[in-house]
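This report refers to the structure that appears directly beneath it.
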Amino acid sequence: MAEGLSTLLAQEIAALIAAEGPLPLDRFMAMALGHPRYGYYMTRDPFGASGDFITAPEISQIFGELLGLSLAITWQNMGSPGEVALVELGPGRGTLMADALRAAKAIPAFVEALEPHLVETSPVLMRAQGAKLAEAGHEGQWHQTIETLPDDRPLLILANEFFDALPVRQFQHLASGWHERLVGLGPEGGLAIGVAEQPAANIPFSGPAGAIFETSPVSLDIMRRLGERLATQGGAMIAVDYGHAKSGFGDTLQAVKAHQFVPILTDPGEVDITAHVDFAMLAIAARRGGAEAHPLLSQATLLERLGIAHRAEILKRKAEKPDEIDRAVSRLAGTDEHAMGLLFKALAITSPGLAPPPGFETPDPRLA
Ligand code: SAH
């Protein structure tokens, strides 16, 4: 094994580079996360205290409940259509979907009308999702991509920490223009990042010397197509993720293993790799598809507006450890730097003319 090639996937990537030349970062990231045999998500359940990272639905049931109720009300705002697809993109363990379905029972006609659809590429996680849905008394339908989602009914779509897992490309501004950052082989034979010799032709703006422009073409393509779907089929989407409200320069790629940051190239397939989501670009992509994008909210503001404090009080009355509920609420909706409330944001898009989901009616003063 060449030095520095710590995993079987690293060896496969090195062989590919030797044969075809350096890889754009999005190809590297797609292989690291989604390689059919060795990809990070394809082989494991990475969530929770004993895993690599924890997500909002795994912190508290309140997260999924509030989003489920929000979509139930959106369904009523749509005129309570008799058939609707409740879609989740990248559902992880299926916890968000299960919590949303349970809360949706408050509006029985919505539960009658809906059919759960899950867009997921990982066989391990599909199994976990199927078990969670069965517990909740539902059957799901799975899709590898958004293309096969139903086209004969409105869509109500949830996505939590989905877009941050989609591959990004990066370009660095040098004297001769924007050069794509590529994964190649270093002098010792390990994976190393360099830049393309030739500048990219199609970036129509300038930037400070050395600046990095990061973009996720896959994310923008998915968002534009979902915008088209919502515009023609009707419906709404709420996408929650960590990221920034305004586009800017900078390298936001990061890798995490066992709740610690690690270098992105070291152990491909063994570490989670994500990038900040550029919400401004996602909103533009959705509008390009014909949908309406509503003002972005911080997770803190969305959850407060949906009544997280009230729901927490009710759960605490029956809880053995009410402190744990307080801690979960502080983590989800708190605004200090260790909490998720400001770093995470929520974007709502709807078919044109449909009222935004509850909470999204007015802009977020925290993001002003
Ligand atoms: N929403 C869950 C999981 C977030 S992790 C939660 O909040 O806990 C990212 C999820 O997206 C995983 O389920 C992963 O398998 C899935 N995923 C990653 N890339 C994907 C792709 N290209 N298509 C569909 N699902 C993908």
Side-chain angles (χ1 to χ4, degrees), residues 33-34 36 39-75 80-162 165 235-240 311 314-315 318-320 324-325 328 332:
L33 297 181
Y40 177 75
Y41 283 112
M42 307 304 267
T43 53
R44 78 197 70 223
D45 170 343
F47 308 101
S50 60
D52 290 329
F53 61 96
I54 189 159
T55 57
E58 303 300 331
I59 291 173
S60 169
Q61 69 188 77
I62 303 179
F63 185 79
E65 290 170 350
L66 294 177
L67 291 178
L69 281 174
S70 177
L71 289 186
I73 292 165
T74 306
W75 173 77
S80 308
E83 289 187 322
V84 66
L86 179 62
V87 179
E88 188 178 350
L89 311 178
R93 284 180 173 168
T95 309
L96 170 57
M97 182 60 107
D99 292 338
L101 287 167
R102 192 178 56 254
K105 284 188 190 154
I107 302 178
F110 175 52
V111 180
E112 279 289 297
L114 70 81
E115 208 176 64
H117 287 262
L118 300 100
V119 179
E120 176 60 70
T121 42
S122 160
V124 180
L125 294 175
M126 275 182 211
R127 280 196 289 280
Q129 293 153 19
K132 265 278 165 54
L133 249 66
E135 269 172 42
H138 286 269
E139 277 178 31
Q141 294 180 50
W142 276 264
H143 305 263
Q144 294 280 320
T145 75
I146 60 164
E147 294 311 314
T148 52
L149 288 170
D151 58 7
D152 61 347
R153 63 196 66 193
L155 306 174
L156 288 170
I157 308 169
L158 289 173
N160 185 64
E161 294 214 44
F162 170 69
M237 168 167 182
I238 302 174
V240 183
R311 181 70 185 127
I314 292 172
L315 287 176
K318 289 183 276 181
E320 276 174 30
E324 282 183 3
I325 296 176
L332 291 175

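Only a predicted model underlies this, so the values are computations on that prediction, with no experimental measurement involved.
When atom types are taken as modelled, the side chain of Trp75 and the backbone of Pro81 share a donor-acceptor pair closer than 3.5 angstrom. Side chain of Ser70 to backbone of Leu66: no donor-acceptor contact under 3.5 angstrom is found. Side chain of Glu139 to main chain of Ala134: no donor-acceptor pair is present (N/O by atom type, distance under 3.5 Å, no hydrogens or angles). Side-chain atoms of Ser122 come within 3.5 Å of backbone N or O of Leu125 as a donor-acceptor pair. Under the 3.5 Å distance criterion, the side-chain polar atoms of Asp45 are matched with a main-chain donor or acceptor of Phe47.
Side-chain contact check for Met97 versus Pro91: every heavy-atom pair is 4.5 Å or farther apart. Counting heavy atoms from C-beta on, the side chains of Leu101 and Val111 never come closer than 4.5 Å. Counting heavy atoms from C-beta on, the side chains of Gln144 and Val119 never come closer than 4.5 Å. With contacts defined as side-chain heavy-atom distances shorter than 4.5 Å, the pair Glu58/Arg93 qualifies. At least one side-chain heavy atom of Leu71 sits less than 4.5 Å from a side-chain heavy atom of Leu86. Side chains of Arg102 and Gln61 form a contact here, defined as non-hydrogen atoms less than 4.5 Å apart. Val87 has its side chain within reach of Leu149: a pair of non-hydrogen atoms, C-beta onward, lies under 4.5 Å apart.
Closest non-hydrogen pair, Leu69 versus Ala103, comes out as CD2-O, 3.5 Å. Between Pro154 and Glu83, the shortest heavy-atom contact is CD-O, 3.3 Å. Annotation for Val84 and Phe110: closest pair CG1-CE1, 4.1 Å, computed over non-hydrogen atoms. For the pair Leu118 and Gly140, the tightest heavy-atom approach, listed with the atom from each and the gap, is CD1-CA, 4.0 Å.
Side-chain contact annotation: Glu161 with Thr55, donor-acceptor N/O pair under 3.5 Å absent. Remark: the Glu115 side chain and the His117 side chain contain an N/O donor-acceptor pair separated by less than 3.5 Å.
We find the CG-OH distance between Leu33 and Tyr41 to be 6.0 Å, quoted to the nearest 0.5 Å.
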